[in-house]
Number of protein chains: 2
Amino acid sequence: MTNEALEQRLLKHQIKPTAMRMLVLNHLNKTSAAISLKALYDDFYPADRITLYRTLKIFEEKGLVHSIDDGSGAPKFALCEAACDVKEHNDSHIHFHCEKCNKTYCLQKFDIPDIHLPKRFIQKEVNLLVNGICDQCAA
Amino acid sequence: MTNEALEQRLLKHQIKPTAMRMLVLNHLNKTSAAISLKALYDDFYPADRITLYRTLKIFEEKGLVHSIDDGSGAPKFALCEAACDVKEHNDSHIHFHCEKCNKTYCLQKFDIPDIHLPKRFIQKEVNLLVNGICDQCAA
DNA sequence: AAAGGCTTGCAATGGTATTGCATTTTAAGC
DNA sequence: GCTTAAAATGCAATACCATTGCAAGCCTTT
């Protein structure tokens, strides 16, 4: 992804494109798995941890990434689908956590099936986390 | 639930029935919503927090309760279905978190629908968390 | 060049999970 | 019942992660 493309993507989400933010966005864009703050920190060492924290925070707030809680203790982050924006997240896909390699993937193509709830329960948002073994590790 | 019944239930799960454990089990049994360690601590004050922590821990390990991560930051705990035991958890139901009252319920009667995964992904365990408004709060 | 606003970096705080260890309680054998 | 071993409890301490406060730096606008 070119610098211009990165910049455009940030601007589209009303995020001021700083160097740090473009680096982080580029990094997120390159990897297929979701990434934790700690992992991001390791990859960007010796960049400041708090800055990375706030970078992810604002990305999330502006609908550029969504956070995934895969039960590993710390949330992980992954780029949103194109449909997401500042006003609304729309990440209705399955999240898969591999218990072998510990990676967490957004299965963008795999929608969450319809849910049946008891009478008078109102559904707003659904999180579906599947634990198991990913294709790489199953090989 | 009688003391004998509580005791039997603990023994069935290979948990030594101490006073504390029976109290906690009774408490879990009385409430329909899942409970966090902190809330349990508040309810049992001035009992020791660590003891309660370890009580929940062993309950979980022995298949008497399961933990639910509803995104509130701290896991909550609820009694397992009767089918669970020391060897295997089997809590394949929807968890519902009400954003109004912040309570989290096990919808025992509402099974998780079948999931479609990409080729060669192996599914082991599924967590389905629905956020929304519960029947009480919707009224 | 000056001023204001946003970003960054460092320090500090806060909450929760977890472990170590000494003491108490429980269960078992005699 | 008494003794002893194992398990549970209570307290202190540690560790981890998220989050905030504040001062310094950067960038834009005038």
Side-chain angles (χ1 to χ4, degrees), chain A residues 3 6-7 9-11 13-27 34-62 64-77 86 97 102 104, chain B residues 3-4 6-28 34-62 64-77 86 97 102 104:
Chain A
N3 274 353
L6 293 169
E7 212 170 307
R9 186 142 180 199
L10 288 172
L11 286 172
H13 289 268
Q14 304 178 9
I15 302 168
K16 195 178 288 187
T18 67
M20 188 82 251
R21 289 168 179 176
M22 287 170 66
L23 285 170
V24 171
L25 174 56
N26 191 44
H27 191 73
I35 190 171
S36 69
L37 173 61
K38 181 167 161 29
L40 191 67
Y41 181 49
D42 289 345
D43 292 343
F44 277 81
Y45 183 83
D48 185 63
R49 187 190 183 86
I50 312 301
T51 299
L52 292 168
Y53 166 74
R54 280 190 275 223
T55 299
L56 289 175
K57 216 58 181 168
I58 196 173
F59 280 12
E60 184 180 18
E61 187 186 318
K62 300 295 188 182
L64 186 54
V65 306
H66 59 285
S67 89
I68 306 159
D69 189 338
D70 63 5
S72 65
K76 291 179 178 166
F77 298 84
V86 180
H97 175 242
N102 256 304
T104 297
Chain B
N3 273 354
E4 286 73 29
L6 293 170
E7 210 170 310
Q8 284 311 311
R9 187 142 182 200
L10 289 172
L11 287 172
K12 198 178 117 189
H13 289 268
Q14 304 179 11
I15 301 168
K16 198 180 286 189
T18 67
M20 189 81 251
R21 288 169 178 177
M22 287 169 66
L23 285 171
V24 171
L25 174 56
N26 191 46
H27 192 72
L28 289 171
I35 189 170
S36 69
L37 173 60
K38 181 166 162 30
L40 191 67
Y41 181 49
D42 289 343
D43 292 344
F44 275 82
Y45 184 84
D48 184 65
R49 187 188 182 88
I50 312 302
T51 300
L52 293 169
Y53 165 75
R54 280 189 276 226
T55 300
L56 290 175
K57 215 62 178 160
I58 196 172
F59 279 12
E60 184 180 19
E61 186 186 320
K62 299 295 189 183
L64 185 55
V65 306
H66 59 287
S67 89
I68 306 160
D69 189 336
D70 63 5
S72 64
K76 291 180 181 168
F77 298 84
V86 181
H97 176 241
N102 255 305
T104 297

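Numbered from 1 within each chain, the chains take letters A, B, ... in sequence-line order.
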What is the distance, to the nearest angstrom, from the [atom1] atom on [X] to the [atom2] atom on [N]?
{"X": "A:R54", "N": "C:dC6", "atom1": "CZ", "atom2": "P", "value": "14 Å"}
{"X": "A:E61", "N": "C:dC6", "atom1": "CD", "atom2": "C1'", "value": "14 Å"}
{"X": "A:M22", "N": "C:dT7", "atom1": "CE", "atom2": "C1'", "value": "15 Å"}
{"X": "B:K76", "N": "C:dT16", "atom1": "NZ", "atom2": "C1'", "value": "15 Å"}
{"X": "A:F44", "N": "C:dG9", "atom1": "CZ", "atom2": "P", "value": "12 Å"}
{"X": "B:I15", "N": "C:dT25", "atom1": "CD1", "atom2": "C1'", "value": "18 Å"}
{"X": "B:L52", "N": "C:dA17", "atom1": "CG", "atom2": "P", "value": "12 Å"}
{"X": "A:R49", "N": "D:dT20", "atom1": "CZ", "atom2": "P", "value": "16 Å"}

* To do: Return yes when atom NZ of B:K62 has more than 12 non-hydrogen atoms of other residues, nucleotides or ligands closer than 6.0 Å, and no otherwise.
  =>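 Yes, NZ of B:K62 has more than 12 neighbouring heavy atoms, counting only those of other groups under 6.0 Å.
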Residue [X], side-chain heavy atoms: nucleotide from [options] that is nearest:
{"X": "A:I50", "options": "C:dG9, C:dA17, D:dT20", "value": "D:dT20"}
{"X": "B:T55", "options": "C:dT7, D:dT9, D:dA18", "value": "D:dT9"}
{"X": "A:R21", "options": "C:dT8, D:dT19, C:dA17", "value": "C:dT8"}
{"X": "B:Y53", "options": "C:dT18, C:dG9, D:dA7", "value": "C:dT18"}
{"X": "A:A74", "options": "C:dC10, D:dT9, D:dC17", "value": "D:dC17"}

Are [X] and [Y] close enough that some pair of their side-chain heavy atoms sits under 4.5 Å apart?
{"X": "A:D43", "Y": "A:I35", "value": "yes"}
{"X": "A:N3", "Y": "A:L6", "value": "yes"}
{"X": "B:N102", "Y": "B:H97", "value": "yes"}

* Does A:R21 use its side chain to pair, donor to acceptor, with the backbone of A:T55 at less than 3.5 Å? ->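 Side chain of A:R21 to backbone of A:T55: no pair is present.
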* For B:T18, answer base if it contacts any base atom (sugar-phosphate contacts may also be present), sugar-phosphate if it contacts only those atoms, and nothing otherwise; contact means non-hydrogen atoms under 4.0 Å. =>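 If one applies the 4.0 Å heavy-atom cut-off, B:T18 turns out to touch the sugar-phosphate alone, with no base involved.
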* Asked: With a non-hydrogen cut-off below 4.0 angstrom, is A:P46 in contact with a base, only sugar-phosphate, or nothing?
  ->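 It contacts nothing in the nucleic acid.
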* Answer yes or no: does a side-chain N or O of A:K38 lie under 4.0 Å from OP1 or OP2 of D:dA18? =>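 For D:dA18, OP1/OP2 do not have a side-chain N/O of A:K38 under 4.0 Å.
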* **Phosphate OP1/OP2 of C:dA27 contacted by B:K16 side-chain N/O (<4.0 Å)** =>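 So the side chain of B:K16 is outside the cut-off, no N or O lying under 4.0 Å from OP1 or OP2 of C:dA27.
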* **Which atom of B:L28 lies closest to which atom of B:F77, heavy atoms considered** =>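 Nearest heavy atoms, B:L28 then B:F77: CD2-O, 4.2 Å.
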* **Nearest-0.5 Å distance, CE of residue B:M20 to OG1 of residue B:T51** =>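 One finds 7.5 Å between CE of B:M20 and OG1 of B:T51.
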* To do: Please tell me which of B:P17 and B:G73 maps to the more 5' nucleotide of DNA chain C, matching each residue to the nucleotide holding its nearest heavy atom.
  =>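 Whichever sits nearer the 5' end wins; that is B:G73.
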* **Between the first and last five pairs of the helix from C:dA1-D:dT30 to C:dC30-D:dG1, the angle of the axes, rounded to 10 degrees** =>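 Computed from the C1' atoms at both ends, the axes differ by 20°.
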* Among B:D42, B:L40, B:D48, whose side chain to side chain contact (heavy atoms under 4.5 Å, CB included) with B:F44 holds? ->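 That would be B:L40; it is the only one of B:D42, B:L40, B:D48 passing the side chain to side chain contact (heavy atoms under 4.5 Å, CB included) with B:F44.
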